[in-house]
Protein chains: 2
Amino acid sequence: MEDEVDRLVAAWRRERPDLDVEPLEVLSRVSRLARHLDRARRLAFAEHHLEPWEFDVLTALRRAGTPYQLSPGQLLTQTLVTSGTMTNRIDRLTKKGLVERLPDPNDRRGVLVRLTDEGRDRADQALAGLLDQERAILAELSRTQRGELAGLLRRLTGPFDNIPG
Amino acid sequence: MEDEVDRLVAAWRRERPDLDVEPLEVLSRVSRLARHLDRARRLAFAEHHLEPWEFDVLTALRRAGTPYQLSPGQLLTQTLVTSGTMTNRIDRLTKKGLVERLPDPNDRRGVLVRLTDEGRDRADQALAGLLDQERAILAELSRTQRGELAGLLRRLTGPFDNIPG
DNA sequence: GTCGATTGTCTTGACATCGAGAGATCCCTC
DNA sequence: GAGGGATCTCTCGATGTCAAGACAATCGAC
């Protein structure tokens, strides 16, 4: 099946035959697919009355395991947002009763963000919904192909994730 | 090489052993890689004093071929943003002298956005820079692997691009 | 021709994000 | 134990985006 990137690449080859645009075959598809996924995620979460950014924060805490608490700084590195953004997110999640701020007993500069019981339930429900949606998208591929795809992508993400940046 | 998604998946398997989180192996990598690419693109464009959104609009016009003009509506569908956003972008690009608005001779409701000579040059330069950067990222893979990866990704993007949504 | 629905663009208000920097606390060296 | 740099969180202003709706022109049916 042809996709938008095939058309994009064909247009570039017509307009700039001097350039090698092969990299776009991979990376433009990654960017565009990510955009489509964002929309799909937003829809999936709407059923649970959660925004994508709320899901990101709540699930980071959920993954941490009991007692479901992390510092704002740890949340920063997991969600790849700036500190100002994280302060704002914690404020709003606190107002909604999904997380609470506690003083860090070991560092008086610090704060711990803890998931409330409701926050934990909402995160669990939204995750299940997201996985259902993602399974539907991936049904295009066989199990073997999904494994290959994951492996190839890991080759590309590895350098970013391990050399900090 | 292990990446952040390996750690994320391992955490979910520990916390939610009842769930099948295999879809994350593929789609979380897509989302995270797209985020890293956004940062890399921003850096690459900074050398040419262009923002990513400026690049998106200018190159859509560049790809259209001479006389390098499209309606705002056509630009919407190519860049996946809303109409309000596109109006704002065209305004700012016009102020910078990279595009100009012309009345559509065939539809008095309509407008045509045309690339200026400077806009065309800037788009061409930025594209070359972007391709260099992308080639470096993709050097992790062989030519054959890049082809496989592109093919697998096309299977996933195809449904989004062809069934409108 | 005329009316209603549709199309194409722009306007407005709300909102989430970023970047830079402030203030408080911690840690290491002397 | 005192000083200076590093770390942690929050504040503030600017900005880009979205969603909903306004307005004008077009198209189709009668």
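Protein chains get the first letters and strands the later ones, always in sequence-line order, with residue 1 at the start of each.
At a cut-off of 3.5 Å, with distance as the only test, a side-chain donor of Thr82(B) or Thr85(B) sits close to an acceptor on the other residue. Counting only N and O atoms by type, the side chains of Thr157(B) and Asp3(A) include a donor and acceptor under 3.5 Å apart.
Of the residues in residues 46-73 of chain A, those placing a heavy atom less than 4.0 Å from an atom of DNA chain D are Ser71(A), Pro72(A), Gly73(A), in numerical order.
Side-chain nitrogen and oxygen atoms of Arg89(B) include at least one within less than 4.0 Å of the OP1 or OP2 phosphate oxygen of dT17(D). For Arg109(A) and dC10(D), the shortest distance from a side-chain N or O to OP1 or OP2 is not below 4.0 Å. Under 4.0 angstrom from either OP1 or OP2 of dC18(D) there lies at least one side-chain N or O belonging to Thr82(B). Distances shorter than 4.0 Å separate some side-chain N or O of Arg92(A) from OP1 or OP2 on dA16(C).
Taking atom CE of Met86(B) as the reference point, atom P of dC10(C) lies 11 Å away to the nearest angstrom. One interatomic measurement links the two molecules: CG of Asp38(B) to P of dT17(C), which rounds to 15 Å at whole-angstrom precision. Asp91(A) has its CG atom 15 Å from the P atom of dC15(C), to the nearest Å. Taking atom CZ of Arg101(B) as the reference point, atom C1' of dG8(C) lies 13 Å away to the nearest angstrom. One atom, CG of Leu112(B), and another, P of dC10(C), lie 11 Å apart when rounded to the nearest Å. Note: CZ (Arg108(B)) to P (dA24(D)) measures 13 Å, nearest angstrom. Per the geometry, CG belonging to Asn106(B) stands 16 Å off P belonging to dA25(D), to the nearest Å. Between the CG atom of Asp107(A) and the P atom of dT25(C) there is a distance of 10 Å, given to the nearest Å.
Salt-bridge formation is detected for the pair Arg42(A)/Glu51(A): a Lys NZ or Arg NE/NH1/NH2 atom is positioned less than 4.0 Å from an Asp or Glu carboxylate oxygen.
The residue Arg42(A) sits apart from the nucleic acid: no heavy atom pair falls under 4.0 Å. Counting any heavy atom pair closer than 4.0 Å across all strands shown, Asn88(A) reaches a base atom.
No continuous path of hydrophobic side-chain contacts links Val30(A) to Phe55(B) [ILVMFWY only; heavy atoms under 4.5 Å].
For the pair Val111(A) and Ser83(B), nearest-nucleotide mapping onto DNA chain D gives the more 5' position to Val111(A). Each of Thr85(A) and Ile90(B) was matched to the nucleotide of DNA chain C holding its nearest heavy atom; the match closer to the 5' end belongs to Ile90(B).
Of all heavy-atom pairs spanning Thr59(A) and Trp12(B), the tightest one is CB-CZ2, 3.6 Å. Closest heavy-atom contact between Ser71(B) and Leu112(B): N-CD2, 4.0 Å. Looking at every heavy atom in both residues, Val21(A) comes nearest to Arg13(A) through CG2-NE, 3.7 Å. Nearest approach of Arg35(B) to Leu80(A), heavy atoms of both residues: NH2-O, 3.2 Å.
The ring-ring contact (aromatic ring centres under 6.0 Å, His included) search around Tyr68(B) returns none, not counting sequence neighbours.
Five base pairs at each end of the helix from dG1(C)-dC30(D) to dC30(C)-dG1(D) define two local axes, and these are offset by 30° (rounded to 10°).
Few gaps surround CZ on Arg135(B); more than 12 heavy atoms of other groups in view lie less than 6.0 Å from it.
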